[in-house]
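Contents: one structure, followed by commentary.
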Amino acid sequence: MTAPGLSRRQALRLLGGGALAAASATAGLTAAAGCAALPTNTPDPRLLPSDAPLPRPFATPLPRVATLEPVRTDATTDYYDLPLRVAEQEIIPGLRTPIWGYAGQFPGPTIEARSGRRIVVRQRNDLPVPAVTHLHGGRTPPASDGYPTDLLLPARGGFASHASHMTDERADVVRGVRRYEYPLDQRAATLWYHDHRMDFTGPAVWRGLAGFCVVRDDEEDALPLPRGDKDVPLLISDRSFAEDGTLLYPALDAEVREQPGVMKAYGGGVLGDVVLVNGAPWPELEVSRSRYRFRVLNASNARRYVLRLAPRSRDGAELGSDELRGEARIVQIGTDGGLLERPWPRTEIALASGERADVIIDFSAYPIGATVVLANVAGDGPAGQVMRFRVTGEEADDTAVPSRLSQVERLDPARARVTRDFRFESGEVHGHTGWRINGKPFDPARMDARPRLGATEIWRLTTDAAHPIHLHLAHFQVLSIDGERAEDPVAWKDTVDLGAVQTAEIAVRFGGYRGRYAFHCHNLEHEDMAMMANFEVI
Ligand code: C2O
Ligand code: CU
Ligand code: CU
């Protein structure tokens with residue numbers, strides 16, 4: 001998955017692509033006050049085409065992600081072992097793909113957790129590179145939050161503790177094994193864990209280092225929502241494959257060891273042409289005519305999806321809404337930070353990298369034999385589809401979507417004492433084109449904000465290109481986008497999907513813990529190319 005790993009054909013395509021990318025790069029804006037006067041290039045994410053023939057869509061059953069069993073439990077805590085290993089997986093039928101996986105699996109096994117019940121996850125790094133795990137959406141003390149320089153060096157040796165090109169005096173670097181402790185003092189929500197190694201998160205997640213952590217609580221358990229095998233996490237990610245099944249990735253350093261970054265044409269982000277759900281290409285799930293809950297995660301490096309249902313009858317004819325029972329076909333019940341107050345009927349759901357949507361689909365709207373494609377209207381060609389449901393039978397259904405799901409506190413912006421501005425733009429980073437926040441590349445030694453513990457602040461986030469912006473620790477509510485008050489229901493978020501040349505105002509509450517945390521763009525190529533900054537809760 002490297003420059004040397006690219007075929008000749010691939011390399012030629014890349015060379016040709018460089019000029020194309022330069023030509024199609026949109027001129028940067030200088031709208032925000034204080035912005036550099038020179039126009040900058042803001043390259044879009046770019047497709048890396050596979051050399052392997054693309055697999056046939058809907059030919060693979062949707063994999064059920066394994067649940068991680070605790071190795072021990074006591075009155076307060078569940079203890080887990082989650083080693084990081086090199087493994088091989090059959091992703092494209094008939095081909096073997098080397099991966100880096102938690103427990104040697106992609107996606108990593110799902111951690112089933114309870115709100116308020118602590119978990120301790122012991123990780124041993126058997127990869128050839130350093131790693132650091134972050135629980136995305138977790139309210140976690142800083143020592144376990146997976147700060148990008150808190151490296152877990154390979155157990156087998158190599159990589160001196162000062163290997164990072166940027167020294168960070170506060171970095172907590174260990175070799176071999178680390179114990180991450182998560183209090184999970186937070187409401188029920190769909191979290192996910194993934195690698196967060198400074199400068200190398202993109203290639204590490206691309207190789208497979210990501211998995212779910214589902215937090216449940218009593219409030220949610222009391223609701224009559226679908227559960228058990230009808231509560232299905234869906235991890236969506238796009239990848240590209242070499243002819244032999246190896247993952248392609250345009251890393252400058254074949255081994256992802258020393259030199260960070262991707263080939264210039266991919267500076268806007270890497271897109272794959274194979275859409276995987278739970279690690280399988282365009283899978284199919286057989287469903288009965290009943291309700292299902294799907295916890296949808298966009299775990300892609302740089303691809304944004306706009307999901308819609310496209311139903312067809314048994315003989316392949318498109319099914320219009322008048323032929324279906326019931327109107328809204330997707331009902332969103334939750335976001336990054338857990339349940340909404342009320343169900344929210346949607347015709348489509350946009351998900352940028354890092355975001356989650358918790359949805360109910362009631363397949364009783366469709367006749368037996370119908371197929372329902374989960375389409376991606378933001379993608380062309382093969383990326384225009386994600387997976388397919390096939391309605392195969394009847395089943396008694398005693399579930400319901402209650403009109404009231406939860407109580408969602410509304411943050412009061414009038415009570416915020418501090419407003420901060422952050423501009424997310426391309427710019428020069430150590431002599432190369434990269435991505436910056438307020439004109440500065442990531443530097444672990446610089447503190448960009450010092451919010452007080454428990455305070456609510458207003459953060460104004462401005463973009464040049466599309467940037468999904470994620471804060472560690474602090475959950476927030478979107479107040480407005482481009483000055484227009486959000487009409488969406490009040491929701492807890494940890495990642496906000498911003499398009500090009502937008503400004504979002506968010507109300508952020510810095511609850512939880514004191515200490516240093518990162519915030520960054522969740523386009524992983526942008527993140528690796530320095531679009532990250534720090535806040536210290538004081
Ligand atoms: Cu999902 Cu700091 O990342
Ligand atoms: Cu996070
Ligand atoms: Cu970005």
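Whatever order the structure lists them in is the order used to number ligands and atoms, beginning at 1. Along the sequence shown, residues carry numbers from 1. In what follows, every heavy atom counts, from backbone to side chain, and hydrogens, waters and symmetry copies are set aside.
For the Cu ion (ligand 3), protein N/O/S neighbours under 2.8 Å (waters excluded) are H467 ND1, C521 SG, H526 ND1.
With respect to the salt-bridge test (charged N to carboxylate O, under 4.0 angstrom), the residues D528 and R197 do not qualify. A salt bridge links R420 to E457: one of the charged nitrogens lies within less than 4.0 Å of a carboxylate oxygen.
Taking the six-membered ring where tryptophan is involved, the planes of F519 and F422 are perpendicular, since the angle between them exceeds 60° and thus also 30°. Classification of the Y147-F442 ring pair by plane angle, with boundaries at 30° and 60°, yields tilted. Aromatic ring pairs are classed by plane angle as parallel below 30°, tilted from 30° to 60° and perpendicular above 60°; the pair H522 and W192 is tilted.
Taking atom 1 (Cu) of ligand 1 as the corner point, the angle from H194 atom NE2 to H136 atom ND1 is about 130° (rounded to 10 degrees).
In summary, the side chains of H470 and H520 do not present any donor paired with an acceptor at a separation below 3.5 Å, with no hydrogens or angles considered.
A ring-centre distance under 6.0 Å is found for Y193 and Y102.
Not a single N/O/S atom of H470, whether from backbone or side chain, sits less than 2.8 Å from atom 1 (Cu) of ligand 1. At least one N/O/S atom of H134, from backbone or side chain, sits under 2.8 Å from the Cu ion (ligand 2). At a cut-off of 2.8 Å, H196 is not counted among the residues with an N, O or S atom near the Cu ion (ligand 2).
We find the CD1-CG distance between I236 and L307 to be 5.0 Å, quoted to the nearest 0.5 Å.
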